[in-house]
Amino acid sequence: MISRIDLRGEALPEGPALRALLPRADFDVTAALEKVRPICEDVHHRGDAALIEYAQRFDQVTLEQVRVPAEALSEALAGLTDEVRAALEESIRRARTVHRAQRRTPHTTQVVPGGSVTEKWVPVDRVGLYAPGGRSVYPSSVIMNAVPAQEAGVPSIALASPPQAEFGGLPHPTILAACALLGIDEVYAVGGATAVAMFAYGTESCPPARMVTGPGNIWVAAAKRYFTGLIGIDTEAGPTEIAVLADDTADPVHVAADLISQAEHDPLAAAVLVTDSDALADAVEKELAVQVPATRHVEDRIAPALAGRQSALVLVDGLEDGLKVVDAYGAEHLEIQTADAAAVADRVRNAGAVFVGPWAPVSLGDYCAGSNHVLPTGGCACHSSGLSVQSFLRGIHIVDYSRDALADVAHHVVTLAEAEDLPAHGAAVKARFDWKVPQQ
């Protein structure tokens, strides 16, 4: 059901050599890029007509318009069960609590008397959010994208999600209901690369956005890469991942359940256990054999995900090697299920999010921890962060110097300009002092 990788017995290699030993899904965004390029350019030239045509081709729905009517949002909200509405509202409340604390305030540094630099934070003008709608429905992704954008103060927020034949060409009603709860009334029934193109270029119905965020399949990732530079993006999200660093104190029932929870997303989902305990590895393997047949989505998602090259039980000599492995892997989600889990978690350097101990499963972070679940995948946690309020803000430096403050440093500016063979830079300073630079 799941393979083993034994890294015991010898010193672990460093850097890329260690990463090459670890499981990872094949996810060729470069190849997909060539396929989405003509689609994106078609949306550029034909606008809504192209969106409607691709909805027919890819989603098997016939649309008259791509924007979702306001009444569809209110009807979807009214159709929620009390239990689902309460769960969504609590998820929103907790996400707001965490993300509101991330807000940035202007800060002024007095460099010298009369000379200061202020950093102010300005939200992007408009953002397009994407909520997937393939194998599963993800109202939680609506929350995780919308809340940080709203808390950042983004003035214009739109959302796209694929049209569903089952729901008359509208996105899934739970997606629409989540939008209504969040106060997002600009929603489009557009999916995949065409949604990213719509936001990047704009169409008759949808003004262009400055930024696009949200998880999606390989076509969404490829479209984000295509438009990088024209628009801001969060990340090129790949298949979801869980890594569990565990020792012999971990409960194999918990570990197996958590591996399965990520495997049910997609056949390319990665489920990785890193442990120094043969006994735990054996027990987890037995638990997988028990738990997998008892759940849903086995044949189309869970079984191929666990059996794929991206998933494995990785055996190491000890906790120190385990930390080296998980840092090299840079998981989207990393669970620490060891003795003194908090202290171990504090030593982790590379992860999208870290879940500490037996009572903080990844599923909690997916929905109701308050943290964000839009996280870097494919090892990108080694250099990138998850979605946050900061993702939607731009820092702008405001430089304010008096005449005396400029005069005090003018000779250094001129010297550096001449050292770089940029005399006009120095002349711009000299001109303010009748071409005479004060000597110190």
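The first residue of the sequence shown is numbered 1, and numbering continues consecutively from there.
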Glu166 and Gln164 side chains, donor-acceptor separation under 3.5 Å: no

His333 (side chain) donor-acceptor with Ile242 (main chain) under 3.5 angstrom: no

Donor-acceptor contact below 3.5 Å, side chain Glu241 vs main chain Tyr329: no

Residues Ser311, Ile2; criterion side-chain contact (heavy atoms from CB on, under 4.5 Å); working and verdict: CA-CA 7 Å; Ser311 299; Ile2 190 168; 4.2 Å; yes

Any donor-acceptor N/O pair, Arg104 side chain to Leu393 backbone, under 3.5 Å: no

Donor-acceptor contact below 3.5 Å, side chain Arg94 vs main chain Tyr367: no

Under 3.5 Å donor-acceptor, Arg103 side chain and Val389 backbone: no

Residues Tyr201, Glu41; criterion side chain to side chain donor-acceptor pair (under 3.5 Å); working and verdict: CA-CA 9 Å; Tyr201 286 134; Glu41 289 310 305; 2.5 Å; yes

Any donor-acceptor N/O pair, Asp258 side chain to Val362 backbone, under 3.5 Å: no

Side chain to side chain donor-acceptor pair (under 3.5 Å) between Thr30 and Arg225, worked out: CA-CA 9 Å; Thr30 301; Arg225 181 177 295 185; 3.0 Å; yes

Audit row: Tyr226, Val196, side-chain contact (heavy atoms from CB on, under 4.5 Å) steps and yes/no: CA-CA 10 Å; Tyr226 182 68; Val196 181; over 6 Å; no

Whether Arg67 side chain and Cys206 backbone form a donor-acceptor pair below 3.5 Å: no

Enclosure of Glu14 CD (heavy-atom neighbours >12, cutoff 6.0 Å): no

Check: Met144 main-chain N/O paired with Asn372 side-chain donor or acceptor under 3.5 Å: yes

His254 ring center near Trp359 ring center (under 6.0 Å): yes

Between Asn145 and Thr213, a side-chain donor and acceptor under 3.5 Å: yes

Distance, nearest 0.5 Å, that separates CG of Leu88 from CG of Leu181: 6.0 Å

